[in-house]
Protein chains: 2
Amino acid sequence: MAYNIPVEATLDVIGGKWKVVIMCHLIKGEKRTSELKKLMPTITQKMLTQQLRELEHDGVVNRMVFDQVPPKVIYSLTEYGWSLRPILDAMCAWGEHHIEVIEEN
Amino acid sequence: MAYNIPVEATLDVIGGKWKVVIMCHLIKGEKRTSELKKLMPTITQKMLTQQLRELEHDGVVNRMVFDQVPPKVIYSLTEYGWSLRPILDAMCAWGEHHIEVIEEN
DNA sequence: TAATGTAGGCACTTTAAAGTACCTATATCC
DNA sequence: GGATATAGGTACTTTAAAGTGCCTACATTA
């Protein structure tokens with residue numbers, strides 16, 4: 001793909017409603033699908049899977065499947081994914097200075 | 001508004017297809033509407049105006065209207081808008097390391 | 001034995017984002 | 001007098017994003 005301005009490449013990878021949120025959670029450590037689901041109560045199973053697939057396809061997220069029942073899948077950031085860290089950190093930091101957060105239970 | 005994770009507040013302000021691109025241009029200096037339009041050949045007039053209105057509403061962009069004909073309007077980042085700079089810089093930098101850019105003419 | 005939990009797949013519908021087309025005002029230029 | 005340039009507005013349509021509902025497998029638990 002070609003862009004008019006380089007930052008569009010960044011948006012291609014982490015644009016959209018969920019990707020940044022997912023990656024912000026993965027920055028704190030690898031997570032199972034169900035853990036991510038709990039951390040993001042309003043995402044649907046379909047959206048979660050779909051976004052993870054795209055992140056995996058773009059090489060920023062790793063999918064580790066354990067051959068057991070019930071199924072177990074662990075997601076983590078790839079080394080390439082870690083290169084996005086300055087962006088994610090800056091976004092998280094900015095957000096923290098501008099809102100109230102829903103209480104956890 | 002309330003969020004599950006602070007970074008959602010950031011996405012509220014700069015999320016979407018165009019806002020980051022617009023702000024990356026404004027970081028380099030204030031711009032007239034027509035200048036922004038030239039810098040973003042694929043944005044429509046409607047989208048440009050609409051996104052600028054939202055950015056203005058969120059306090060990150062300033063709209064300066066000159067009372068003359070033909071009309072002249074200049075957009076610039078507000079001080080609050082400048083607080084997003086670390087994010088925009090990081091996003092621009094990441095993009096620059098991951099694509100080819102369409103040649104300008 | 002029947003319910004539970006996990007990580008999805010798939011078809012379909014809804015909603016939100018984005019795009020198209022056409023309209024305004026008026027000073028200045030040709 | 002008619003074209004041009006500027007910064008929009010508005011109604012409508014298209015397209016993409018997101019959501020809903022229902023389905024699978026099977027070991028473990030109650």
Side-chain angles (χ1 to χ4, degrees), chain A residues 1 3-5 7-26 29-58 61-76, chain B residues 1 3-5 7-26 29-58 61-76:
Chain A
M1 239 259 181
Y3 308 97
N4 288 293
I5 187 175
V7 78
E8 290 180 348
T10 313
L11 293 170
D12 253 14
V13 178
I14 59 166
K17 190 174 171 181
W18 297 111
K19 289 178 179 174
V20 167
V21 176
I22 291 173
M23 295 197 69
C24 281
H25 285 304
L26 292 182
E30 50 180 38
K31 298 272 183 303
R32 297 189 55 167
T33 313
S34 55
E35 293 179 300
L36 286 172
K37 186 72 195 60
K38 260 167 227 151
L39 291 167
M40 295 181 277
T42 60
I43 200 174
T44 59
Q45 169 76 50
K46 181 200 155 195
M47 270 300 115
L48 181 55
T49 307
Q50 182 180 304
Q51 301 299 302
L52 285 167
R53 286 285 181 287
E54 291 179 16
L55 289 168
E56 189 191 1
H57 178 264
D58 285 329
V61 158
N62 191 260
R63 181 164 180 265
M64 216 183 317
V65 183
F66 293 79
D67 190 18
Q68 60 182 59
V69 169
K72 179 179 178 179
V73 177
I74 285 187
Y75 292 96
S76 57
Chain B
M1 239 259 181
Y3 308 97
N4 288 294
I5 187 175
V7 77
E8 290 180 348
T10 313
L11 293 170
D12 253 14
V13 178
I14 59 166
K17 189 175 172 182
W18 297 111
K19 289 178 179 175
V20 167
V21 175
I22 291 172
M23 296 197 69
C24 281
H25 285 304
L26 292 183
E30 51 180 38
K31 298 272 184 301
R32 297 189 56 167
T33 312
S34 54
E35 293 179 300
L36 286 171
K37 187 71 194 58
K38 261 167 227 151
L39 290 167
M40 295 180 278
T42 61
I43 201 175
T44 59
Q45 169 76 50
K46 181 199 154 195
M47 270 300 115
L48 180 56
T49 307
Q50 183 180 303
Q51 300 300 303
L52 284 167
R53 284 286 179 287
E54 292 179 16
L55 290 169
E56 188 191 1
H57 178 263
D58 285 328
V61 158
N62 191 262
R63 181 165 180 265
M64 216 185 315
V65 183
F66 293 79
D67 191 18
Q68 60 184 58
V69 170
K72 179 178 179 179
V73 177
I74 285 187
Y75 292 96
S76 57

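Here the rule is side-chain contact (heavy atoms from CB on, under 4.5 Å) with B/Tyr75, and of B/Arg63, B/Lys31, B/Met23 only B/Arg63 fits it. Checked options A/Lys46, A/Gln51, A/Arg53, A/Gln45; the residue passing with A/Thr49 is A/Gln45 (criterion: side chain to side chain donor-acceptor pair (under 3.5 Å)).
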- request: Quick one, give me the B/S/- string for nucleotides 1-22 of chain D, reading 5' to 3', where B means a protein heavy atom under 4.0 Å from the base and S means that only happens at the primed atoms, P, OP1 or OP2.
  value: ----BBSBS-B------BBB--
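Rounded to whole angstrom, the span from the CZ atom of A/Phe66 across to the C1' atom of D/dA27 amounts to 18 Å. The CG-C1' distance, from A/Leu48 to C/dG9, rounds to 14 Å in whole Å. Between A/Met64 atom CE and C/dT6 atom C1' the separation is 17 Å, expressed in whole Å. Protein atom CG of A/Leu36 is 12 Å distant from nucleotide atom C1' of C/dA7, rounded to whole Å. C/dA25 atom C1' lies 14 Å from atom CD of B/Gln68, rounded to whole Å.
The two atoms that bring A/Val13 and A/Asp58 nearest to each other are CA-OD2, 4.1 Å, heavy atoms only. B/Glu8 and A/Val21 get closest at one heavy-atom pair: CG-CG2, 4.0 Å.
Not a single side chain to side chain donor-acceptor pair (under 3.5 Å) links B/Glu56 to another residue, sequence neighbours left out.
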Would you be so kind as to tabulate the donor-acceptor pairs closer than 3.5 Å made by side chains of residues 34-42 of chain B, with sequence neighbours excluded?
residue: B/Glu35; atom: OE1; partner: B/Arg32; partner atom: N; Å: 2.6
residue: B/Lys37; atom: NZ; partner: B/Ile43; partner atom: O; Å: 3.1

